[in-house]
Amino acid sequence: MTRTRTPSAQTLAILAALAGADWLYGLELADRTGLKSGSLYPILIRLDERGMVESRWIEASVPGRPPRHAYRILSAGRRALADAGRTAPARSRPRESLA
Amino acid sequence: MNRRSLSERIALGLARFVAGPDRRRWLDAMDAELDHLSARRLDWALGTLVAAVKDRTARDWPRAVAILALPSAAMAGIPLVVQASSALARTTGLPHEQAMPLLALASLTLAQAIGATRTRGSGGSVLTFAGRALAAITLSLLFALLPPSALFGTIAWCAGAWLGARWMRADRGAARTPSR
């Protein structure tokens with residue numbers, strides 16, 4: 001039996017941030033959601049594995065800097081965000097995690 | 001590009017080790033972002049390590065439990081063994097000098113059990129070494145508190161761990177030998 005889990009407030013914050021933009025870098029996502037890298041990336045990895053976001057490498061605009069990993073929401077992610085919005089319309093902003 | 005400090009490099013290196021080769025792409029992603037940060041760079045690097053630990057724990061929880069359980073078992077088990085053998089020596093009325101070999105022998109069995117323990121996969125040898133080292137330190141410290149045989153603990157530990165590892169190798173060898 002497949003268990004469906006309600007996305008956490010942090011997951012929804014990431015999905016919402018991605019829904020309001022095209023491609024976002026990890027740092028931009030961290031700024032928009034208030035999450036630290038220690039919380040942000042495990043969620044991004046999970047969302048990527050579940051097909052809710054896609055990622056790709058984008059060449060840096062500043063010469064000499066390495067390419068950056070960018071993220072975009074997919075239809076499954078938008079659906080999860082919409083479902084969560086229907087079941088819990090007033091979610092609070094995620095708490096700042098320690099790392 | 002900002003030059004990386006030693007602490008940032010250590011944090012990222014540890015994160016790569018913890019995350020394992022399956023997560024190389026994600027570690028590269030977190031690593032690349034660090035080059036676009038001018039402030040709070042160490043926070044980001046430490047966050048990378050936290051992310052690696054969280055992710056590895058979530059997908060590989062039996063090994064995460066083992067990482068905590070093996071040294072804990074060594075720390076908790078050795079004093080218990082020593083306490084039991086001390087109680088036995090007291091009830092049988094053995095003098096202190098004769099009780100020491102009994103303690104060493106009792107500890108040897110636990111050292112053998114831990115010596116036979118070996119976790120597989122990346123980080124397994126480090127985990128095994130950490131568990132054994134903790135057990136050795138505990139055993140040596142306990143025997144150091146019980147003079148005059150401070151070396152008993154180390155000797156018992158080395159002998160037990162060697163026996164355990166040998167027993168495990170022999171067991172694996174027998175398992176690999178095809179039956180006729």
Side-chain angles (χ1 to χ4, degrees), chain A residues 3 5-11 13-14 17-18 21 23-73 94-99, chain B residues 1-65 67-68 121-123:
Chain A
R3 194 167 59 134
R5 299 176 77 170
T6 312
S8 68
Q10 293 176 332
T11 305
I14 292 171
L18 287 169
W23 289 94
L24 284 179
Y25 297 126
L27 273 175
E28 291 171 331
L29 263 175
D31 280 346
R32 291 186 188 202
T33 57
L35 294 172
K36 301 274 177 70
S37 54
S39 301
L40 175 68
Y41 278 91
I43 298 172
L44 276 176
I45 293 171
R46 214 166 48 240
L47 290 174
D48 184 71
E49 284 175 347
R50 290 178 186 172
M52 292 187 185
V53 301
E54 66 172 326
S55 58
R56 69 166 181 166
W57 291 98
I58 296 179
E59 283 301 321
S61 50
V62 184
R65 300 249 171 126
R68 300 176 77 177
H69 214 218
Y71 311 93
R72 184 166 70 174
I73 194 167
R95 279 176 302 154
E96 181 83 358
S97 60
L98 289 173
Chain B
M1 192 186 300
N2 292 314
R3 195 180 157 84
R4 289 183 179 181
S5 69
L6 180 65
S7 44
E8 287 164 11
R9 277 184 282 154
I10 290 173
L12 288 170
L14 276 173
R16 282 186 187 278
F17 174 74
V18 170
D22 295 348
R23 292 291 193 236
R24 192 176 161 186
R25 179 169 68 102
W26 290 98
L27 263 297
D28 287 345
M30 288 184 260
D31 196 324
E33 290 302 297
L34 189 65
D35 287 328
H36 296 268
L37 265 174
S38 51
R40 297 173 66 89
R41 292 166 53 87
L42 185 58
D43 278 6
W44 186 268
L46 288 173
T48 302
L49 178 57
V50 172
V53 170
K54 280 183 180 175
D55 174 61
R56 189 67 189 255
T57 308
R59 69 192 155 95
D60 208 1
W61 62 266
R63 189 170 297 153
V65 169
I67 284 172
L68 293 174
S122 66

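Chain A is the first sequence line, chain B the second, and so forth, proteins listed ahead of strands; every chain is numbered from 1. All of these numbers come straight from a predicted model, not from anything done at the bench.
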(Q) Rounded to the nearest 0.5 Å, what separates atom CD1 in A/Ile45 from atom CZ in B/Arg25? (A) 8.5 Å
Q: State the CG-CG distance between A/Leu27 and B/Asp35, to the nearest 0.5 angstrom.
A: 10.5 Å
Taking all non-hydrogen atoms of both residues into account, name the closest pair between [X] and [Y] and its distance.
{"X": "A/Ser37", "Y": "B/Ala51", "value": "O-CB, 3.8 Å"}
{"X": "B/Ala32", "Y": "A/Pro67", "value": "CB-O, 3.4 Å"}
{"X": "A/Pro66", "Y": "B/His36", "value": "O-NE2, 3.5 Å"}
{"X": "B/Trp26", "Y": "A/Leu44", "value": "CH2-O, 3.8 Å"}

Q) Is B/Arg40 atom CZ crowded by more than 12 heavy atoms from other residues, nucleotides or ligands, each under 6.0 Å away? A) no
Q. Residues two or more places apart in sequence or in another chain: which of them pass ring pair (Phe, Tyr, Trp, His ring centres under 6.0 Å) with A/Trp57?
A. A/His69
Q.
Can you pull out every ring-ring contact (aromatic ring centres under 6.0 Å, His included) where at least one residue sits in residues 28-53 of chain A? Sequence neighbours excluded, please.
A. A/Tyr41-B/Trp44
Q: Return the option, out of B/Ala45, B/Ala29, B/Ala58, with the maximum number of heavy-atom pairs under 4.5 Å with chain A.
A: B/Ala29
Q.
For B/Arg59, which atoms come within 4.5 Å of any heavy atom of chain A: side chain, backbone, both, or neither?
A. neither
Q: Would you mind checking which part of B/Asp31 comes under 4.5 Å of any heavy atom in chain A, side chain (CB onward), backbone (N, CA, C, O), both or neither?
A: neither
Q. So, A/Lys36 side chain and B/Asp43 main chain: donor-acceptor pair closer than 3.5 Å or not?
A. no
Q: Look at B/Arg23 together with A/Glu49 and state whether they make a salt bridge at an N to O cut-off of under 4.0 Å.
A: yes
**Q.** Region of A/Ala30 that comes under 4.5 Å of a non-hydrogen atom in chain B
**A.** side chain
Q. Would you say the side chain of B/Glu33 lies within less than 4.5 Å of the side chain of A/Leu29, judging by non-hydrogen atoms?
A. no
